[in-house]
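Residue numbers start at 1 and run along the sequence shown.
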Amino acid sequence: MTRLNILLLLAVIASALYLVQVSYETRRQFITLERERNQSARLEQDADKLRVLLRTQATHLRVEQMARERLQMTTASPAVTQYLTADGALPAAVPSAVAPKGRP
């Protein structure tokens with residue numbers, strides 16, 4: 001009978017230790033899960049901010065302003081427009097003031 005009691009005592013102790021280990025592991029995994037959820041929420045907020053920033057950077061007025069400032073582009077007008085024929089030469093009817101430098 002004492003052997004059975006000792007065996008049952010060892011089984012209860014082993015069971016208790018296993019229960020402690022499982023609950024510790026569960027808590028550890030829950031903490032890791034919460035950290036990952038928080039990081040996911042932060043990344044989602046950052047992505048939303050970047051989407052808004054991209055929309056503001058890609059507006060027509062912003063693109064036009066950057067083209068004028070950085071690329072020194074201007075609006076096309078008949079005074080600065082040059083027409084070429086299929087062979088790449090300027091037509092004869094183009095005034096010389098509009099013709100590019102270095103061409104007759």
Side-chain angles (χ1 to χ4, degrees):
M1 188 72 151
T2 9
R3 287 185 183 180
L4 181 61
N5 286 340
I6 292 175
L7 183 64
L8 290 175
L9 179 64
L10 289 176
V12 168
I13 291 173
S15 165
L17 289 175
Y18 180 72
L19 179 65
V20 168
Q21 180 201 9
V22 167
S23 67
Y24 171 76
E25 185 66 25
T26 302
R27 277 190 229 117
R28 192 177 65 76
Q29 288 180 356
F30 180 76
I31 290 170
T32 303
L33 178 65
E34 285 300 311
R35 284 184 191 146
E36 295 299 322
R37 283 182 182 165
N38 290 339
Q39 183 180 7
S40 174
R42 274 186 263 121
L43 289 174
E44 191 63 35
Q45 288 175 350
D46 289 346
D48 288 342
K49 287 178 185 177
L50 288 174
R51 284 186 201 108
V52 169
L53 181 63
L54 181 64
R55 277 188 236 126
T56 59
Q57 293 291 323
T59 60
H60 175 70
L61 295 175
R62 173 94 172 134
V63 170
E64 187 174 342
Q65 177 187 9
M66 297 307 288
R68 288 181 190 276
E69 290 175 2
R70 288 190 184 170
L71 302 175
Q72 299 172 351
M73 297 176 83
T74 60
T75 306
S77 68
V80 295
T81 304
Q82 297 178 4
Y83 297 95
L84 300 176
T85 60
D87 63 356
L90 288 173
V94 176
S96 63
V98 179
K101 294 180 182 175
R103 288 204 172 192

### Task
Determine the sole option in Arg35, Arg37, Arg42 for which the side chain to side chain contact (heavy atoms under 4.5 Å, CB included) test with Gln39 is passed.
Arg42
### Summary
Closest non-hydrogen contact found for Gln57 with Val63 is O-CG2, 4.2 Å
### Query
Is the backbone N or O of Glu36 less than 3.5 Å from a side-chain atom of Ser40, with the two atoms forming a donor-acceptor pair by type?
no
### In one Ile/Leu/Val/Met/Phe/Trp/Tyr side-chain cluster, 4.5 Å: Leu9, Leu17
yes
Spacing of [atom1] belonging to [X] relative to [atom2] belonging to [Y], to within rounding of 0.5 Å:
| X | Y | atom1 | atom2 | result |
| --- | --- | --- | --- | --- |
| Asp48 | Asp46 | CG | CG | 9.0 Å |
| Gln21 | Thr26 | CD | OG1 | 9.5 Å |
| Met66 | Met73 | CE | CE | 13.0 Å |
| Leu8 | Ser15 | CG | OG | 11.5 Å |
| Leu61 | Glu64 | CG | CD | 6.5 Å |
| Leu53 | Arg51 | CG | CZ | 12.5 Å |

### Query
Is the number of heavy atoms from other residues, nucleotides or ligands within 6.0 Å of CD (Gln72) greater than 12?
no
